[in-house]
Amino acid sequence: MSFSAEDHGYMAHALSLADHGLFTTTPNPRVGCVIVRDGVVVGAGWHEKAGGPHAEVHALRAAGARAKGATAYVTLEPCSHHGRTPPCANALIDAGIARVVAAMRDPNPQVSGRGLELLTLAGIKVQTGLLESEARELNIGFISRMTRGRPWVRLKTAASLDGKTALLNGESKWITGPAARADVQRWRARACVVLTGVGTVLADDPQMNVREFETPRQPLKVIVDSHLATPPSARILQGGAFIACAEADYLRRTALEAAGAQVLELPGADGRVDLTALMLEFGRQGINEVHVEAGATLNGALLAAGLVDEWISYLAPVALGHAARGLFNLPELTDMADRTAFALRDTRMLGADIRLTLRPSSRASV
């Protein structure tokens, strides 16, 4: 399908608008819309938060009567079902839009193709696929939840060049510099859940919230703690947190619930938390993106279970030596064919540190 340079420019504008919802739209997708008539942008908008007007509605309100005969560029197929808001496909039809260019089809089974079909039946010219890869990246968690039933899992690590995350005695502050640590706050802010392990809670007593970065919401905090060893006084419980365990001792559970925790029992065959079941539960709860900041045990368990979709690796130009703590606890390999291969997606400098963005080669995208 052929698109003009102008089409590309307007869709790029719509994507930049959608990006404004990066931290706010969950569990909904991030969507932008631009309405153009006779080469002039007459309306634009983005979906700001769940329950609020969709991007198309904002753009149509701005365009008013000028929407008649115009082209609407939208980063996701207009919805066709009644949720908390009316269908956007109907709003575009009622406004007299002549052409709709959608970056991608909606992966939501309630919509997928139906919105485009409604538009076509109404006599509107419909085209899809313009800057689709960019649109998919923007909503990679939403797509994952709709197509796989679980969120996109993004693992963050901060390590020395020799792959160490802390000294043998547990000291880790700070391996990376201020720019890298500030960047981590943005990844936390866009996630629906920040996930850590009980080992990290016991060693560092972290808060795991978004700091030094303005955000209208905090992600949910979840601890993987097989035997409920989290102390009720742990700072991560302030403001509420979930604890996924394999067995829930009554007294420990009662103490943690009194401290503000909600306990979820998900026993696995090995006596630990069933991590796959946890991710499926996240999917049922409308969680799109999970940001993991944990130690080698949970990191290794997630990787071994095939649940790591993306790895954000911060590398500091230092060496900590062979006795320091590593990144992943994994079984010994005896054949190089069994290694986990990663595809490098992006490399950039943050102060003196390097940030690598990687994905398992078998899962480059959703």
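Nothing fancy with the numbering, it's 1 onward along the sequence. Heavy-atom basis, side chains included; hydrogens, waters and symmetry copies ignored. Quantities reported herein were computed from a predicted structural model and do not represent experimental measurements.
Both Leu358 and Leu161 belong to a single network of hydrophobic side chains, linked directly or stepwise wherever heavy atoms of I, L, V, M, F, W or Y lie under 4.5 Å apart. Both Tyr10 and Leu131 belong to a single network of hydrophobic side chains, linked directly or stepwise wherever heavy atoms of I, L, V, M, F, W or Y lie under 4.5 Å apart. Neither Leu280 nor Val222 shares a network with the other; the hydrophobic side chains, linked directly or stepwise wherever heavy atoms of I, L, V, M, F, W or Y lie under 4.5 Å apart, form separate groups for each.
When atom types are taken as modelled, the side chain of Ser160 and the backbone of Lys164 share a donor-acceptor pair closer than 3.5 angstrom. Side-chain atoms of Thr75 do not come within 3.5 Å of backbone N or O of Leu15 as any donor-acceptor pair. Remark: the backbone N or O of Leu76 is not paired with any side-chain donor or acceptor of Asp106 at under 3.5 angstrom. Here the side chain of Ser144 pairs no donor or acceptor atom with the backbone of Ile140 at under 3.5 angstrom. With hydrogens and angles disregarded, a donor-acceptor distance shorter than 3.5 Å links the side chain of Lys221 to the backbone of Ile236. Asn288 contributes no side-chain N or O that, together with a main-chain N or O of Pro151, makes up a donor-acceptor pair within less than 3.5 Å. The main-chain N or O of Leu327 is never found under 3.5 Å from a side-chain atom of Thr165 such that the two would form a donor-acceptor pair. The backbone N or O of Gly9 lies less than 3.5 Å from no partner atom in the side chain of His13, so there is not a single donor-acceptor pair. Checking side-chain atoms of Arg150 against main-chain N and O of Glu281 turns up no donor-acceptor pair under 3.5 Å. Distance alone, capped at 3.5 Å, is enough to place a donor-acceptor pair between the Arg217 side chain and the Phe23 backbone.
Salt-bridge annotation for Glu77 and Arg105: absent, with no side-chain N of the basic residue lying under 4.0 Å from a carboxylate O of the acidic one. Salt bridge Asp309/Arg148: present, at least one basic N to carboxylate O contact under 4.0 Å. Ion pairing between a basic and an acidic side chain is recognised when a charged N comes within 4.0 Å of a carboxylate O; Glu289 and Arg30 show such pairing.
The side-chain tip of Arg181 points at the ring of Trp174 from less than 6.0 angstrom away and within 45° of straight on.
Heavy-atom minimum distance, Leu202 versus Pro231: CD2-CD, 3.7 Å. The heavy-atom pair separating Asn108 from Met146 by the smallest distance is CA-SD, 3.7 Å. Pairing each heavy atom of Leu17 with each of Gly32, the nearest pair is CB-CA, 4.4 Å. For the residue pair Val184 and Lys156, the shortest heavy atom distance occurs at CG2-CE, 3.8 Å.
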For this session: Please test Arg61 against Glu56 for side-chain contact (heavy atoms from CB on, under 4.5 Å), starting from the C-alpha separation and ending with a verdict.
Result: CA-CA 9 Å; Arg61 286 175 180 172; Glu56 297 94 324; over 6 Å; no

For this session: Go through the steps for Arg345 and Glu137 under the test salt bridge (charged side-chain N to carboxylate O under 4.0 Å, His left out), then give the verdict.
Result: CA-CA 12 Å; Arg345 306 266 308 178; Glu137 284 297 318; 3.1 Å; yes

For this session: Decide yes or no on side chain to side chain donor-acceptor pair (under 3.5 Å) for Asp353 and Thr176, but give the supporting numbers first.
Result: CA-CA 6 Å; Asp353 305 314; Thr176 54; 4.6 Å; no

Problem set entry | From CA spacing to verdict: side-chain contact (heavy atoms from CB on, under 4.5 Å), Val263, Cys245 | CA-CA 7 Å; Val263 177; Cys245 69; 3.8 Å; yes

For this session: Let me see the working for Val224 and Leu278 under side-chain contact (heavy atoms from CB on, under 4.5 Å), right down to the final yes or no.
Result: CA-CA 9 Å; Val224 175; Leu278 177 60; 4.0 Å; yes

For this session: Show your working on side-chain contact (heavy atoms from CB on, under 4.5 Å) between Ile312 and Thr157 and close with a plain yes or no.
Result: CA-CA 6 Å; Ile312 307 296; Thr157 62; over 6 Å; no

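Atoms CE and CG, on Met279 and Asp274 in that order, are 10.5 Å from each other to the nearest 0.5 Å. Atom CZ of Arg154 is separated from atom CD of Glu310 by 4.5 Å, given to the nearest 0.5 angstrom. Here the OG atom belonging to Ser2 is positioned 8.0 Å from the CG atom belonging to Asp7, to the nearest 0.5 angstrom. To the nearest 0.5 Å, the span separating OG1 on Thr254 from CG on Leu228 amounts to 10.0 Å.
By the side-chain hydrogen bond (donor to acceptor under 3.5 Å, both in side chains) test, Asp19 pairs with no residue at all, sequence neighbours left out. A search for side-chain contact (heavy atoms from CB on, under 4.5 Å) contacts involving Arg114 returns Ser80, not counting sequence neighbours. Under the salt bridge (charged side-chain N to carboxylate O under 4.0 Å, His left out) criterion, Arg186 pairs with no residue at all, not counting sequence neighbours. For Asn139, there are no side-chain hydrogen bond (donor to acceptor under 3.5 Å, both in side chains) partners at least two apart in sequence or on another chain. Not a single ring pair (Phe, Tyr, Trp, His ring centres under 6.0 Å) links His227 to another residue, sequence neighbours left out. For Phe142, there are no ring pair (Phe, Tyr, Trp, His ring centres under 6.0 Å) partners at least two apart in sequence or on another chain. Partners of Ala352 according to the side-chain contact (heavy atoms from CB on, under 4.5 Å) rule, which considers only residues two or more places apart in sequence or in another chain, are Pro317. Applying the side-chain contact (heavy atoms from CB on, under 4.5 Å) criterion to Gln207, with sequence neighbours excluded, gives Asn209, Arg211, Arg235, Gln238. Considering only residues two or more places apart in sequence or on other chains, Asp183 meets the salt bridge (charged side-chain N to carboxylate O under 4.0 Å, His left out) condition with Arg355. A search for ring pair (Phe, Tyr, Trp, His ring centres under 6.0 Å) contacts involving Trp187 returns nothing, not counting sequence neighbours. In terms of the side-chain contact (heavy atoms from CB on, under 4.5 Å) criterion, residue partners of Asp335 (sequence neighbours excluded) are, by chain and number, Ala337, Asp338. Evaluation of the side-chain hydrogen bond (donor to acceptor under 3.5 Å, both in side chains) rule for Glu48 yields no partner, not counting sequence neighbours.
Residues Asp225 and Thr230 have side chains that bring a donor and an acceptor to within less than 3.5 angstrom of each other. With 3.5 Å as the limit, one finds a donor-acceptor pair spanning the side chains of His291 and Glu293.
Counting only heavy atoms from C-beta outward, the side chains of Lys125 and Val100 never approach each other to under 4.5 Å. Two residues are said to be in side-chain contact when any heavy atoms from C-beta on lie closer than 4.5 Å; Leu92 and Leu60 meet this criterion. Within the 4.5 Å cutoff, side-chain heavy atoms of Ile93 are placed close to those of Leu119. Counting heavy atoms from C-beta outward, Leu298 and Leu275 have side chains that approach closer than 4.5 Å. Within the 4.5 Å cutoff, no side-chain heavy atoms of Leu344 are placed close to those of Asp346.
Using cut-offs of 30° and 60° on the angle between ring planes, the pair Trp46 and His20 is tilted. In this pair, His54 and His47 present their aromatic rings perpendicular. The plane angle is above 60°, beyond the 30 to 60° band.
Applying the 6.0 Å contact sphere to CZ of Arg272 captures no more than 12 heavy atoms from other residues, nucleotides or ligands.
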